[in-house]
J.: 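Supplied in structure tokens, the structure appears directly below.
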Amino acid sequence: MTQKAKEKALNLVIVESPAKAKTIEKFLGKDFLVKSSYGHIRDLAKKDFGVDLANNYQPQYVISSDKKDVVKELKSLVQQSETVWLASDEDREGEAIAWHLYEVLGLTPAQTKRIVFHEITKEAILKAIKNPRPIDINLVDAQQARRVLDRLVGFELSPVLWKKVKPSLSAGRVQSVAVRLLVEREREINAFNADSAFRVVARFFVTDEDGKKHELRAELNHRFKTEEEAFQFLSHCKNGQFSVEQVTRKPLTKSPAAPFTTSTLQQEASRKLGFSVGQTMSVAQRLYEAGKITYMRTDSVNLADTAVAAAVQKIKSDMGEKYVQTRQFKTKSKGAQEAHEAIRPTYMDKEAVSGTAAEQKLYDLIYKRTLASQMSDARIERTNVNITVSGSTYKFHASGEVILFDGFLKMYIESSDVEKEDEEAPGFLPPLKEQDVLGLIAMEARERWTQKPPRYSEAALVRKLEEQGIGRPSTYAPTISTIQQRGYVVKEDRPGNPRKYRLVQLEAGEVKKSVKTENAGAERSKLFPTDIGMVVNDFLVKYFPNIVDYEFTAKVEKEFDQIAVGDVQWTKAIDQFYQPFHNQVEETLEKSERNTGERVLGSDPKTGKPVIVRIGRYGPMAQLGDTENEDEKPAFASLTREQSIETITLEEALKLFELPRDLGLYEDKKVVVGIGRFGPYVRHDGKFASLKKGVDDPMEISLERAIELIEEKRERDNKKIIKSFEKEPDLQILNGRWGPYIGYKGKNFKIPKEKDAEKLSFEECLKLVEDGGKKAPATKKATTKKKTTASGKKTTASKSTKAKKSAAKK
DNA sequence: CAGTGAGCGAGCTTCCGCTTGACTT
């Protein structure tokens, strides 16, 4: 056979991910070349929506700029191939990827085979190769409808916000609902009134037959509303008789949780390892690329048969037959498409992997969760004990658990928000029988406050979105960073506030009252909606309630399903949505007021001028005085990060106008404290130093502390310069966030890792600058600038034609 | 590039879902 003929006989398989391509190539052998498309290769053009509204919503697709090389390579490989196997995922997006490839690569039906598999196992792949099918154009149309709908919603809605709220904002089917969830929770929290009651806990002892004493904690089945009632009860208990009334035992079984999906992995990694959802995904990506776990963006809880078999083998050999119990889990989440397996170790017998600490920890989590899912139920006996108090109708209650058979608990315990200490607490109960008499050690009634609803963590928000069927595994992490980038949401720690609580204690025959302090409402790494987020949300809820409705996605998904089975034409479905939606947009542009979230707080007692808060061009601000008063301009001040338009008081707002504040002199120059774009700062001799968050208060800060901050800043600035040269003051070796680098005439250049930055000579530096200049002619800033100007020109042209068009229509 | 807060006005921003690197100051 000639070389050419050999090449022509080639089978080209195209999958979505390069890591997958590598694995599959091994299964298929020499006759097959497996390549990756790296996801979608085309998308709607940015200009004019990328949708031809005058021509039945015809999509205008362009090859994505970062896929040009991929497409070029695939095209040339197609030339050498007899058969092209389109092996993208078996879901809506995957079918569309196959179709785009078919179109762009100019394939013919005769040379094209569409294949699908849900597991990356040899059996599954070989079976798929034996069962090719044509591209399902109805499913492709469902994807086109999804894509066009999202584009129309996003690109019509966002400009409304630019006009009515603030430039550069965004709205969309997914992100706007995510923000809505946070805003509504924040309002619940603001409206929440904490209520308190006294919870009574007692420590008893019981003496067994051998005269040994055992301790027992029990809680009263009633909470007292007032301190007086609690005091009365404890006083009564001073001389009370406590006896066991009833002991009941109840068997329980616990079952393991399903193997991980993207969403559950993000939640567990957040709770157990403290990872953000973005961190989890990038660590998982590395494990996936190294072939250690299966694909990490999935909504399926299914495991391949071979994986279950391997898990069984491992459980048997490590722990014994009685720990094996296989299960098929079913997905509960709305709109799951299950194109992949659950996230599991590639090899079930591999208990640990090498790599970074984060990779090892995440792998451990995945390994244990997967194995546990095929292990036996745990059998537990729960004991409940009631204890009577002489002369009272109230009873104490205690419960304990004994694990009869640990089963999957041996491997993995799914975390809730309960801490470990609590898990140990309901462990053992001492041996007790009915009629046993108990001795009292101590008793206390502590005032407990009802809890505000919790703010969402990133992972909790993902869970909520998934429950509602909003967003996909590949978009959870990006969505969360988008809403933070737009300034709708900030992720923060809040320290909480001291709160007093009352305590009544009975000890050594005496009842005492006291008042103590606890810290309440502290939050770690939670999502807080900002004022902008709230104003945008309120605007959308008012004018586009149908779009930000929690059910909107579910509703359109039903339409997409009908398109996918061929019952509805996709352009018809889009038309039915778009006509009324577009009218809604036009009407809103015409009728709605600019929305600044303005709130009048009252008037300044000194001058009588009105004090209002609203969103200004640069964010939330307070204003003292009227804009209508032409003689005198109003004074303005930014709100601090912690303050909110919704909750700020008149007093707090008035304080803002006391800034900037003169603190005095240092080295004969003025020291001024103020609040700027980046938060509270101290200014001295033309230089700025930020105040420490949570430590310094701009209203209270002293001159001494301000000087400290100035000196610290100086120190940092000095450390920034590692080396400079007399010959060329523009060239410096600097210390940056990612280690040393060379700064030269406003541009930055890398220093190779093996070089010692401090020992570089002037000539060596110049050489690095030259080399760097050749390889990467510009830093990232410069490249993005170039990009924006290039595309800027395009959009300029298109925008003006579009403007003309719409003007002509009218 | 930090005390700003609709001066003219043009041009720009934006969606959701598939995928990875390249590169950050």
Side-chain angles (χ1 to χ4, degrees), chain A residues 15-20 36-44 46 49-50 64 66-67 70 88-89 91-94 96-97 100 143 146-162 166-176 285 289 297 339 470-475 478-479 482 486 553 594 596 614-619 621-623 627 633-638 659-660 672-683 686-690 720 734-743 747-750 776 779-781 783 788 791-793 795-796 799-800:
Chain A
V15 295
E16 292 180 37
S17 144
K20 200 169 168 178
S36 157
S37 75
Y38 293 83
H40 276 293
I41 53 162
R42 288 202 297 187
D43 191 17
L44 295 175
K46 289 247 179 191
F49 295 105
S64 315
D66 56 334
K67 300 294 162 55
V70 175
S88 45
D89 298 344
D91 58 15
R92 208 162 57 203
E93 298 297 327
I97 287 173
H100 282 299
Q143 192 274 348
R146 199 280 304 155
R147 181 67 193 91
V148 168
L149 177 103
D150 281 336
R151 171 54 70 82
L152 291 173
V153 169
F155 275 35
E156 289 238 350
L157 232 40
S158 300
V160 178
L161 296 178
W162 304 344
K166 220 174 89 127
S168 302
L169 295 175
S170 66
R173 174 175 59 82
V174 173
Q175 59 168 283
S176 296
Q285 175 87 30
E289 281 168 11
R297 289 185 276 263
I470 299 168
R472 304 280 310 130
S474 67
T475 60
T479 298
T482 298
R486 297 274 171 278
T553 291
R594 265 196 77 84
T596 62
R614 63 184 170 93
I615 304 264
R617 239 168 96 187
Y618 307 103
M621 59 179 270
Q623 178 182 326
T627 32
K633 271 195 176 174
F636 301 104
S638 290
L659 293 174
V672 178
V673 60
I675 294 176
R677 249 171 91 189
F678 310 126
Y681 64 89
V682 186
R683 191 183 49 164
K687 286 189 177 138
F688 294 84
S690 293
K720 203 184 150 192
L734 301 168
N735 209 358
R737 250 211 289 175
W738 288 281
Y741 67 100
I742 296 172
K747 280 183 185 172
N748 301 317
F749 300 89
K750 260 190 187 167
T779 57
K780 197 196 175 183
K781 259 187 199 162
T783 48
T788 46
S791 64
K793 269 180 198 161
T795 37
T796 318
K799 273 248 163 124
S800 52

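Keep in mind that the numbers below use all heavy atoms, side chains included, and drop hydrogens, waters and symmetry copies. The sequence lines fix the lettering, A, B, ..., with proteins before strands; numbering per chain opens at 1.
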J.: For A:P18, answer base if it contacts any base atom (sugar-phosphate contacts may also be present), sugar-phosphate if it contacts only those atoms, and nothing otherwise; contact means non-hydrogen atoms under 4.0 Å.
T.: sugar-phosphate

J.: Just the rounded figure in Å: distance from C1' of B:dG21 to CD of A:Q285.
T.: 10 Å

J.: Are the side chain of A:S638 and the backbone of A:M621 linked by a donor-acceptor contact shorter than 3.5 Å?
T.: no

J.: Starting the side chain at C-beta, find the nucleotide from B:dG5, B:dT20, B:dT14 nearest to A:F636.
T.: B:dG5

J.: When the distance from CG of A:D66 to C1' of B:dG21 is rounded to whole Å, what number comes out?
T.: 10 Å

J.: Taking only N and O in the side chain of A:S17, is any of them less than 4.0 Å away from OP1 or OP2 of B:dT19?
T.: no

J.: Looking for any heavy atom pair under 4.0 Å, which part of the strands does A:G616 touch: base, sugar-phosphate only, or nothing?
T.: base

J.: Without decimals, in angstroms, what is the distance between A:H100 NE2 and B:dC16 P?
T.: 18 Å

J.: Which atom pair, heavy atoms only, marks the closest approach of A:P660 to A:V672?
T.: CB-CG1, 3.7 Å

J.: Once you round to the nearest 0.5 Å, how far does CG of A:D43 lie from NE2 of A:H100?
T.: 8.0 Å

J.: Under 4.0 Å, counting only non-hydrogen atoms across every strand here, what does A:G50 touch: a base, just sugar-phosphate, or nothing?
T.: nothing

J.: For A:I97 and A:G39, which heavy atoms make the closest approach, and how far apart are they?
T.: CD1-C, 3.7 Å

J.: For A:V174, answer base if it contacts any base atom (sugar-phosphate contacts may also be present), sugar-phosphate if it contacts only those atoms, and nothing otherwise; contact means non-hydrogen atoms under 4.0 Å.
T.: sugar-phosphate

J.: Strictly below 4.0 Å: does A:T475 bring a side-chain N or O up to OP1 or OP2 of B:dG17?
T.: yes

J.: Look only at the side chain of A:R151 and the backbone of A:F49, and say whether a donor-acceptor pair between them is shorter than 3.5 Å.
T.: yes

J.: If the threshold is 4.0 Å, N to carboxylate O, is there a salt bridge linking A:D89 and A:R297?
T.: no

J.: Which whole-number value in Å describes the distance from A:R92 CZ to B:dT19 C1'?
T.: 18 Å

J.: With respect to the side chain of A:S474, which nucleotide from B:dT14, B:dG3, B:dT19 is positioned closest?
T.: B:dT19

J.: Please measure how far the C1' atom in B:dA10 lies from the corresponding atom in B:dA6, and state the result in whole Å.
T.: 16 Å

J.: Between A:P167 and A:R173, which residue's closest nucleotide on DNA chain B lies nearer the 5′ terminus?
T.: A:P167

J.: Does A:S168 make a side-chain donor-acceptor contact with the base of B:dT13, cut-off 3.5 Å?
T.: yes

J.: If you compare every side-chain N and O of A:R42 against the phosphate oxygens of B:dC18 (OP1, OP2), does one of them come in below 4.0 Å?
T.: no

J.: Distance check needed: B:dC16 P versus A:I97 CD1, whole Å only.
T.: 18 Å

J.: Using a 4.0 Å heavy-atom cut-off across all strands, classify A:A96 as base, sugar-phosphate, or nothing.
T.: nothing

J.: So if I take every side-chain heavy atom of A:W162 and compare against B:dT13, B:dT20, B:dG17, which nucleotide ends up nearest?
T.: B:dT13

J.: Counting side-chain heavy atoms from CB outward, which of B:dG21, B:dT19, B:dC15 is closest to A:R151?
T.: B:dC15

J.: Should A:S170 be listed as having a side-chain N or O under 4.0 Å from OP1 or OP2 of B:dC15?
T.: yes

J.: Can you tell which of B:dA6, B:dC16, B:dG17 lies closest to the side chain of A:R594?
T.: B:dA6

J.: Quick check, does A:F155 stack with B:dT14? I mean ring centres under 5.5 Å and planes off by under 30°.
T.: yes

J.: Would you kindly give the OH-to-P distance between A:Y38 and B:dG17, to the nearest whole Å?
T.: 24 Å

J.: For A:L169, report the nucleic acid contact type (base, sugar-phosphate, nothing); a contact means any heavy atom under 4.0 Å.
T.: sugar-phosphate

J.: Could you tell me how far apart A:D91 (CG) and B:dC16 (P) are, to the nearest whole angstrom?
T.: 18 Å

J.: Would you say the base of B:dC18 and the side-chain of A:R297 have a donor-acceptor pair closer than 3.5 Å?
T.: no

J.: Ignoring hydrogens and angles, are the base of B:dG17 and the side chain of A:R147 linked by a donor-acceptor pair under 3.5 Å?
T.: no

J.: With a 3.5 Å distance limit and no angle check, can you tell me whether A:S158 reaches the backbone of A:A171 through a side-chain donor-acceptor pair?
T.: yes

J.: When you measure from the side-chain N and O atoms of A:Q623 to the phosphate of B:dG5, is any distance below 4.0 Å, counting only OP1 and OP2?
T.: no

J.: Would you say B:dT14 has OP1 or OP2 under 4.0 Å from some side-chain N or O of A:R486?
T.: yes

J.: Using a 4.0 Å heavy-atom cut-off, does A:G471 contact any base of the nucleic acid, only the sugar-phosphate backbone, or nothing at all?
T.: sugar-phosphate

J.: Go through the N and O atoms of the side chain of A:R472 and the base of B:dC18, and report whether any donor-acceptor pair is under 3.5 Å.
T.: no

J.: Nearest to the side chain of A:S638, heavy atoms from C-beta on, is which of B:dA2, B:dG21, B:dT4?
T.: B:dT4

J.: Do side-chain atoms of A:K67 reach the backbone of A:S37 as a donor and acceptor pair under 3.5 angstrom?
T.: no

J.: Please report, rounded to the nearest Å, how far the P atom of B:dG17 is from the CG atom of A:D89.
T.: 15 Å

